[in-house]
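Along the sequence shown, residues are numbered consecutively beginning with 1. Excluded from the calculations below are hydrogen atoms, water molecules and symmetry mates; all remaining heavy atoms, backbone and side chain alike, are included.
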Amino acid sequence: MRKIQEILSSFIDATQDIESLEDYYHRSKNTLISYKLDVEKSFALGKKIADILDGLLRITKAEDRNRRINDINKTFVYKKLRFRDICEIVPFEKDNQSSISFLINSKLENYERFDPLKAKKKYDQIDKYTYIMIESVLSHIIVSFEAFLTSIYRILLLSNPQKYLEGQTIFLATLFDNNLNEVVNDRLESEVAAKLYNSLETVKIIAEKEKISLDSYSSLIAYFKELYYRRNAYVHTKGRVNKDYLTKVDRSFTKNLQLNDELICDDVYLKHSICVLNQIVFSITYELLKKEKISSNRISVLINYYFGKLCSGDYQLTKFAFLKLSTSDNMEFSDKLICRINYLISAKQMNEIELVKEELGKLDVSAAVPRFKIAKECLSDNFETVLQMLNETYPDSFDARALKEWPLFISFRETEYYSIFVASHQADFAIQTLDDYQSEIEDLLLEESLEDQYYEAGDSNHK
């Protein structure tokens, strides 16, 4: 049982780290957006002048440049101000001059906002800050995964060293220099440290040693591999495609790319990458727990965590997790049905209407308790029926808190039927509650630890 506890603890640590990363990215992105708006407000005119000057430098002949200056001077840049009212350009004397001499009119109000040099510096800072943020997020995704994988590998290695160290030898001289325990511990730690530097290969080793199949996660692993080498490109080649990326990443990602092309990391890519990290952490945890044939109450740690993510609107992640959980052989029928419903809630909120209709057509709740029948009607948008069934089964089916908070009732809460029901139970709906999810997890782990101690004592007494 301790092995299961440690795997769950590693999962909790990893998900908390990922949530911190999500918060960091959200805050950094908003700070950057705010800074960009401030720069654009203060230096947009300077940037406009800088772009005009850069355009001049692209013209090679002095005669053509001076002709272009005459045209530029006549153009209006800001309100009734022509370019010549803001900036005076010294004419060119030679072809291919690499610099421009100019003078900003210091008599203008707030004339610094027209300064192209200050504007370019500020806009360059935006680009640099953006690059630093992207590199930081990509790097921390890899670091978080490696920390999780190292923890898992250590747990599995210590639970069965022979399986992971099969065929390895220890020199006799080493035993003379140190005691046996030190030698063994050093070997174990060295083995764990060695696997830290090739996390993708370590995943394969774990799958092989634990006899778990990761075939259904092949697209997920391929994406994570792409992410891994994209991070390396940001660290080593400033976000440009390098040879490693072209040769080691799946062709589906590289077919339209060439050496030195820019690798775009926009908001959509970064959010999806964090989601993929969460998915792969879940996948490894789930497959290891499934192999241990654990009971429903222990896998409830996963169910409760992803229900929290469902409530916070992380539908891409919860759709993935609840689909897997709903097929687990180790869970009771009611728990599997809850997971299936949560999977459908996720799909519905992602506007995958046809998928939801198809799944609901196959979902048999005829022998289930009323709450599951209500859930199916709610997912089918039969809200009048939902109100009727709630009136007959409340609060045994769903209490006020569930109706207020569970994402199942998002659409129902927008209807007149919900308002009618709330009006009939105003006192219940006025009550507020606060849960400590972390305490709930810690209580479960403590309960498992006490169970272990009980069984160990029982075995000892039996002997």
Next on the checklist: Please report whether the ring centroid of Tyr305 lies less than 6.0 Å from that of Phe11.
Outcome noted: yes
Next on the checklist: Given 3.5 Å as the limit, does a donor-acceptor pair link the side chain of Asp314 with the main chain of Leu310, or not?
Outcome noted: no
Checklist entry - Going by the angle between their ring planes, with limits at 30° and 60°, are Tyr394 and His425 parallel, tilted or perpendicular? => result tilted
Checklist entry - Taking all non-hydrogen atoms of both residues, which atom of Leu117 and which atom of Asp115 are closest, and how far apart? => result N-OD1, 2.9 Å
Next on the checklist: Using every non-hydrogen atom in the two residues, find where Val241 and Leu263 come nearest and quote the distance to one decimal.
Outcome noted: CG2-CD2, 3.7 Å
Checklist entry - With sequence neighbours excluded, what pairs up with Ala368 under the side-chain contact (heavy atoms from CB on, under 4.5 Å) test? => result Leu337, Val365, Phe372
Next on the checklist: Just by distance, no angles: are the side chains of Tyr35 and Gln125 close enough, under 3.5 Å, to form a donor-acceptor pair?
Outcome noted: yes
Item to check | Thr247 (side chain) donor-acceptor with Lys243 (main chain) under 3.5 angstrom | outcome: yes
Item to check | Salt-bridge present (Asp54, Lys120; N to O < 4.0 Å) | outcome: yes
Item to check | Donor-acceptor contact below 3.5 Å, side chain Ser20 vs main chain Gln16 | outcome: yes
Checklist outcome for this item: Here the gap from Leu200 atom CG to Tyr229 atom OH, rounded to the nearest 0.5 Å, amounts to 6.5 Å
Next on the checklist: I need the Ile126 CD1 to Leu32 CG distance, nearest 0.5 Å.
Outcome noted: 7.0 Å
Next on the checklist: Between Asn351 and Ile353, is the side chain to side chain contact (heavy atoms under 4.5 Å, CB included) condition met? List the steps.
Outcome noted: CA-CA 5 Å; Asn351 206 34; Ile353 305 304; 3.6 Å; yes
Next on the checklist: Using modelled atom types and a 3.5 Å cut-off, is there a donor and acceptor pairing between side-chain atoms of Lys118 and backbone atoms of Gly46?
Outcome noted: no
Checklist outcome for this item: When Thr15, Ile155, Val281, Leu288 are each screened for side chain to side chain contact (heavy atoms under 4.5 Å, CB included) with Ser10, the one that passes is Ile155
Item to check | Proximity of His140 and Tyr25 rings by center, below 6.0 Å | outcome: no
Checklist outcome for this item: Heavy-atom nearest pair, Leu355 first then Lys319, reads CD1-NZ, 4.3 Å
Next on the checklist: Run Leu408 and Asn342 through side chain to side chain contact (heavy atoms under 4.5 Å, CB included) and show every step you take.
Outcome noted: CA-CA 8 Å; Leu408 171 67; Asn342 287 336; over 6 Å; no
Checklist entry - How close do Met331 and Cys339 get, heavy atom to heavy atom, and via which atoms? => result CE-SG, 3.7 Å
Item to check | Arg231 charged N/C atom sitting above Tyr228 aromatic ring, 6.0 Å / 45° | outcome: yes
Checklist entry - Below 4.5 Å, heavy atoms only, C-beta onward: do Ile206 and Leu149 meet side chain to side chain? => result yes
Item to check | Nearest heavy-atom neighbours spanning Leu403 and Phe421 | outcome: CD1-CE2, 3.4 Å
Next on the checklist: Filter on salt bridge (Lys or Arg N to Asp or Glu O under 4.0 Å), then keep only pairs touching residues 31-40, sequence neighbours left out; what's left?
Outcome noted: none
Item to check | From OG (Ser397) to CG (Leu390), nearest 0.5 Å | outcome: 5.5 Å
Checklist entry - When the ring centroid of Tyr234 is compared with that of Tyr131, is the distance short of 6.0 Å? => result yes
Checklist entry - Around Lys291, counting heavy atoms of other residues, nucleotides and ligands shown, do more than 12 lie under 6.0 Å from its NZ? => result yes
Checklist entry - Once you round to the nearest 0.5 Å, how far does CG of Leu270 lie from SG of Cys265? => result 5.5 Å
Checklist entry - Hey, would you say the Phe383 and Tyr417 ring centroids sit under 6.0 Å apart? => result no
Next on the checklist: With a 4.0 Å cut-off on N to O distance, would you call Asp124 and Lys128 a salt bridge?
Outcome noted: no
Item to check | Side-chain donor-acceptor contact under 3.5 Å, Asp250 with Ser252 | outcome: yes
Next on the checklist: side chain to side chain donor-acceptor pair (under 3.5 Å) for Ser366 and Asp364? Distances and angles first, verdict last.
Outcome noted: CA-CA 6 Å; Ser366 57; Asp364 183 11; 2.8 Å; yes
Checklist entry - With no hydrogens and no angle check, is any side-chain donor or acceptor of Ser424 less than 3.5 Å from a backbone partner on Ile420? => result yes
Checklist entry - Should Asp244 and Arg230 be marked as a salt bridge (Lys or Arg N to Asp or Glu O under 4.0 Å) after you check the CA-CA gap, both sets of side-chain angles, and the distance that decides it? => result CA-CA 9 Å; Asp244 259 7; Arg230 183 176 295 235; over 6 Å; no
Item to check | Stepwise side chain to side chain contact (heavy atoms under 4.5 Å, CB included) test for Phe148 and Ile284 | outcome: CA-CA 10 Å; Phe148 166 73; Ile284 292 171; 4.1 Å; yes
Item to check | Test item: Ser42 side-chain N/O and Val39 main-chain N/O as donor-acceptor pair under 3.5 Å | outcome: no
Checklist entry - Is the closest side-chain donor-acceptor distance between Lys324 and Ser216 under 3.5 Å? => result yes
Next on the checklist: When you compare the side chains of Ser326 and Arg340, does any donor N or O come within less than 3.5 Å of an acceptor on the partner?
Outcome noted: yes
Next on the checklist: I'd like to know whether NZ of Lys204 has more than 12 heavy-atom contacts from other residues, nucleotides or ligands below 6.0 angstrom.
Outcome noted: no
Checklist entry - Does a sphere of radius 6.0 Å around NE2 in His272 hold more than 12 heavy atoms from other residues, nucleotides or ligands, not counting ones at 6.0 Å or beyond? => result yes
Checklist entry - Is a donor on one side and an acceptor on the other found under 3.5 Å between the side chain of Thr393 and the backbone of Met389? => result yes
Checklist entry - In a check of salt bridge (Lys or Arg N to Asp or Glu O under 4.0 Å) between Glu22 and each of Lys309, Lys29, Lys271, Arg27, which one passes? => result Lys309
Next on the checklist: Working to the nearest 0.5 angstrom, can you tell me the gap between Leu325 CG and Phe307 CZ?
Outcome noted: 13.5 Å
Checklist entry - Would you find a donor on one side and an acceptor on the other, under 3.5 Å apart, between the side chain of Ser139 and the backbone of Ser136? => result no
Item to check | Plane angle bin for Phe409 and Trp406 - parallel if under 30°, tilted between 30 and 60°, otherwise perpendicular | outcome: perpendicular
Checklist entry - When you check the gap from the basic side-chain N to the acidic O, do Arg154 and Glu6 get nearer than 4.0 Å? => result no
Checklist entry - What is the distance from atom CD1 of Ile374 to atom CG of Asn382, rounded to the nearest 0.5 Å? => result 12.5 Å
Next on the checklist: Would you say Tyr245 and Arg240 are linked by a side-chain donor-acceptor pair, where the criterion is simply a distance under 3.5 Å?
Outcome noted: no
Next on the checklist: For a side chain to side chain contact (heavy atoms under 4.5 Å, CB included) check, start with the C-alpha distance between Ile152 and Leu156, then their side-chain angles and the critical distance, and finish with the verdict.
Outcome noted: CA-CA 6 Å; Ile152 291 295; Leu156 299 175; 3.8 Å; yes
Checklist entry - Cationic tip of Lys47 within the cone over Tyr123's six-membered ring, i.e. under 6.0 Å and within 45° of the normal? => result yes
Checklist entry - Do Tyr223 and Ser273 get their side chains close enough for a donor-acceptor pair, meaning under 3.5 Å? => result yes
